There are 2 protein chains.
Amino acid sequence: MNSLTEENYLKALFNIANIAGEVNVTELSKNLDLKMPTVTSMVKKLAEKKLVHYESYKPLRLTEKGKREAGLIIRKHRLTEMFLVDKMKLGWEDVHDIAEQIEHIKSPVFFEKMDELLGYPKVDPHGSPIPDKNGKVVWKDYNKLSDCNAGETVKLAAVINTSSEFLKFLNAREMHLGLRIKIKAIEPFDKSIVINYGKRHAETLSNVACERLLVEKEG
Amino acid sequence: MNSLTEENYLKALFNIANIAGEVNVTELSKNLDLKMPTVTSMVKKLAEKKLVHYESYKPLRLTEKGKREAGLIIRKHRLTEMFLVDKMKLGWEDVHDIAEQIEHIKSPVFFEKMDELLGYPKVDPHGSPIPDKNGKVVWKDYNKLSDCNAGETVKLAAVINTSSEFLKFLNAREMHLGLRIKIKAIEPFDKSIVINYGKRHAETLSNVACERLLVEKEG
DNA sequence: CGAATTCATTAGTCAAAGCTAATAATAATT
DNA sequence: AATTATTATTAGCTTTGACTAATGAATTCG
Ligand SMILES: [Mn+2]
Ligand SMILES: [Mn+2]
Ligand SMILES: [Mn+2]
Ligand SMILES: [Mn+2]
């Protein structure tokens, strides 16, 4: 059984690998908000437990076992977020910090019940896929809104950044997953875009925001 | 902010005091399944934090602050148990171990939401009172079923022992809180009792079981 | 009462998970 | 190629919360 601390390392390794491919000690220590020597020694411990492939000065890689265990924690995290939003009526901007704690609860029946009550959801409230019972996860190949063209109509599928500031920013603009968005124009100057959606017309969104929104093209 | 470990000590101190009045190091260490020197040193630390009154070789007592904080953790524990039974459809025999973990979650809004969704319950699934938002708790003065007399009709109000074996024992006999029980006879020999309830007639219950059932007399 | 038993504390050790300071390896720049 | 900068590791220290062994205090029993 892994400790809460070890679980957080596994999760971070999994998430960084998913975004950046390679995982180095610097990245991992920034992600966990720990100093590098702390991370080095824990990574060695995880290597002892066959959860991480470790060679000095080489990039860090989860083993298959490590990936599986990381995936299962992320499964609990995302199921929890879904439960908090769907069943407990909390806002999508409020659930991450709670899920960060509940993901460590040891109780298979608790999470199975959640899954059942939610009807076996495939994605969390931020559009991230929920790993299956073996910890396997597949991302659909969404496009960044910033990579779309004027004239296209797209559906908001996921948010990359899940900071509560960003989610509140979206709340203030009545933007939520599933929303249909028509791209009216893209400013060549700063790559900000002008969009129509819901009852809103000619709203402007910065490129910084668009890079954090994943969409599905209509078709 | 208290650590998970400190919280478990406070809870244990609160619960033992509630049952036995006095709390000594031996009892506390048994309750927490720790060795006595471990407990002595933690109790000193809690005294530093003004949560416990401590004098060597004297019984342990929570301060007002300590009682309040203990009460608030027990509040979270019992709210959680209620939520797990009422909203998540888990059995009353399955919820304690999960609540034992969730009681340590740091998130006021999470527990406020629970409370709201449950309609501000006053007791947990085992009939124990849920402390208020100041950690205050009052036990109603129920009777033990073992202290009742033949001929009386009583309502099952709470269970003292919340071990899953005992609760499964009650499940098997279709006994649940709120049940009306008619006491037909009491065996002088072993103090076992014969009762009628629901669709069941002339069921026998040992004195050991009756001592763990709290009832309200009709009237 | 005095001895034995039980209860509690002290002293010293350990593992987990963090830190700083110093050093070594790798990568990037001149 | 040599220097500098970045990245990672080693060594050694700290805190938290456990433990055992030894000792001291309080209680109980003959
Ligand atoms: Mn999250
Ligand atoms: Mn976490
Ligand atoms: Mn309980
Ligand atoms: Mn607990």
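Each chain gets a letter, A, B and so on, in the order the sequences are listed, and its residues count up from 1. If you're wondering where the values come from, they're calculated on a predicted model, not measured in any experiment.
Considering only side-chain atoms of B/Pro37, the nucleotide from C/dG18, C/dC19, C/dT10 that sits closest is C/dT10. When distances run from any side-chain atom of B/Glu6 to the nucleotides C/dA8, D/dG17, D/dT9, the shortest one goes to D/dG17. With C/dA8, C/dT20, D/dG17 as the candidates, the nucleotide lying closest to the side chain of B/Thr5 is D/dG17. Here C/dC7 is the nucleotide among D/dT16, C/dC7, C/dC19 with the atom lying nearest to any side-chain atom of B/Met36. Each of C/dA17, C/dA8, C/dC19 was ranked by its minimum atom distance to the side chain of A/Leu34; first place goes to C/dC19.
Rounding to whole angstrom units, CD of residue B/Glu48 and P of D/dT16 are separated by 11 Å. Atom OH in B/Tyr57 sits roughly 8 Å away from atom C1' in C/dC7 (whole-Å rounding). Distance, B/Lys49 NZ to D/dG17 C1': 13 Å, rounded to whole Å. Rounded to an integer number of Å, the gap from NZ of A/Lys35 to P of C/dA21 is 10 Å. Computed from coordinates, the A/Asn2 CG to C/dA17 C1' distance equals 15 Å when rounded to whole Å. Whole-Å rounding puts the B/Tyr9 OH to D/dT16 P distance at 14 Å. If you take CE of A/Met42 and P of C/dA17, they are 4 Å apart, rounded to a whole angstrom. Here C/dA17 presents its C1' atom at 8 Å from NZ of A/Lys45, a figure rounded to the nearest Å.
Neither side chain, B/Thr26 nor B/Asn24, offers a donor N or O lying under 3.5 Å from an acceptor on the other.
Heavy atoms of other residues, nucleotides or ligands lying less than 6.0 angstrom from NZ of B/Lys106 number more than 12. Remark: B/Lys191 NZ is loosely packed, at most 12 non-hydrogen atoms of other residues, nucleotides or ligands lying under 6.0 Å away.
Taking only side-chain nitrogens and oxygens, B/Ser3 comes nearer than 4.0 Å to OP1 or OP2 of D/dG17. The side chain of A/Thr38 places no N or O atom within less than 4.0 Å of a non-bridging phosphate oxygen (OP1 or OP2) of C/dA17. At the phosphate of D/dT7, neither OP1 nor OP2 sits under 4.0 Å from any side-chain N or O atom of A/Thr26.
Residue A/Thr40 is in base contact, counting any heavy-atom pair closer than 4.0 Å across all strands shown.
Aromatic ring centres of B/His96 and B/His126 lie farther apart than the 6.0 Å criterion allows.
Annotation for A/Leu72 and A/Gly135: closest pair CD2-N, 3.6 Å, computed over non-hydrogen atoms.
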